[in-house]
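Here's the structure we're looking at; comments come further down.
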Amino acid sequence: PLQLTLAVLKPDAVAHPLVLEAVHETILNNKFLIVRTKELMWRREDSQRFYQEHSGRFFYQRLVEFMASGPMRAYILAHEDAVARWRSLMGPTKVYRARNTAPDSIRGAYGLTDTRNTTHGSDSVASARREIAFFFPEFSESLWYQQD
Ligand code: CMP
């Protein structure tokens, strides 16, 4: 059965055409179905709202600033086990860990810092549903599943 996840190429990735291209290729090479994709840019309010759960953390301000600093590309991806599969391709959040334990992962290869870490991916099916609605409010999951 197909599962949906939300993947986001963050401003550091979109700012570098070769990184953007490489991550897009990774998506295609791993046989994800691209259900929707769009480029967008957040206002600081969007960034604050999306990362609400991190509002007490030391990195919150820099995260909010960074995510509103330039255009991003968001994808709704479908695959069996899409959530876990995309997270595994991204590698660990922190760049030091990513480079050392998963050098071939997206963050291991392209991550700049713990904040500028190239990509985001939903961490569960429930997060995916919430985050897809945040980025693609016009998208209807139930209608999409009924299409085939
Ligand atoms: P993301 O998967 O989008 O979820 C939360 C984000 O916070 C994370 O990726 C990083 O971009 C950012 N962040 C910055 N510093 C840290 C940190 N020390 N630990 C975890 N996340 C961090």
Side-chain angles (χ1 to χ4, degrees), residues 2-139 141 144:
L2 285 179
Q3 190 178 74
L4 298 183
T5 194
L6 179 83
V8 181
L9 275 59
K10 297 185 177 184
D12 61 316
V14 174
H16 293 278
L18 294 176
V19 174
L20 179 63
E21 177 69 18
V23 178
H24 188 82
E25 286 297 312
T26 299
I27 290 171
L28 298 179
N29 291 340
N30 285 275
K31 312 288 183 219
F32 284 98
L33 182 60
I34 298 175
V35 176
R36 295 284 190 281
T37 182
K38 70 176 170 195
E39 194 166 306
L40 71 152
M41 189 165 158
W42 274 350
R43 298 162 300 155
R44 288 184 82 259
E45 301 77 55
D46 304 312
S47 198
Q48 285 166 334
R49 201 152 48 86
F50 187 80
Y51 283 115
Q52 193 69 51
E53 63 180 301
H54 295 305
S55 62
R57 308 293 297 278
F58 71 90
F59 56 79
Y60 180 67
Q61 278 316 322
R62 73 176 78 130
L63 175 60
V64 164
E65 297 292 341
F66 167 59
M67 292 296 279
S69 70
M72 299 186 280
R73 177 161 288 279
Y75 295 83
I76 302 176
L77 300 179
H79 197 282
E80 191 169 330
D81 266 330
V83 169
R85 204 175 158 85
W86 175 246
R87 284 184 72 83
S88 143
L89 288 169
M90 286 197 301
T93 301
K94 295 190 181 177
V95 68
Y96 177 84
R97 248 181 70 83
R99 284 181 190 164
N100 283 286
T101 67
D104 296 332
S105 67
I106 293 168
R107 287 162 167 173
Y110 306 115
L112 300 173
T113 65
D114 291 351
T115 302
R116 305 162 89 83
N117 63 355
T118 316
T119 47
H120 171 80
S122 308
D123 64 4
S124 67
V125 170
S127 308
R129 184 167 297 135
R130 181 172 48 80
E131 294 178 357
I132 286 170
F134 191 99
F135 277 85
F136 296 88
E138 68 286 358
F139 178 73
E141 190 173 336
W144 187 77

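When a ligand or atom number is given, it counts from 1 through the structure's own listing order. Numbers for residues simply follow the sequence, beginning at 1.
The 4.0 Å heavy-atom shell around ligand 1 contains residues Lys10, Tyr51, His54, Phe58, Phe59, Leu63, Thr93, Lys94, Arg107, Asp114, Thr115, Asn117, His120, ordered by chain and number.
Between Phe32 and His79, the ring center distance clears the sub-6.0 Å criterion. Here the two rings, on Phe50 and Phe134, have centers that are under 6.0 Å apart.
The distance from atom CG of Leu77 to atom CH2 of Trp86, rounded to the nearest 0.5 Å, is 6.5 Å.
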For residues 23-30, which side-chain donor-acceptor pairs fall under 3.5 Å, sequence neighbours excluded?
unit_1, atom_1, unit_2, atom_2, d
His24, ND1, Tyr75, OH, 2.7
Thr26, OG1, Ala22, O, 3.0
Asn29, ND2, Glu25, O, 3.3
Asn30, ND2, Thr26, O, 2.8

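By the 6.0 Å contact criterion, OH on Tyr96 is open, its count of non-hydrogen atoms from other residues, nucleotides or ligands being 12 or less.
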| request: Could you walk me through whether Lys31 and Glu80 pass the salt bridge (charged side-chain N to carboxylate O under 4.0 Å, His left out) test, one step at a time? | output: CA-CA 10 Å; Lys31 312 288 183 219; Glu80 191 169 330; over 6 Å; no
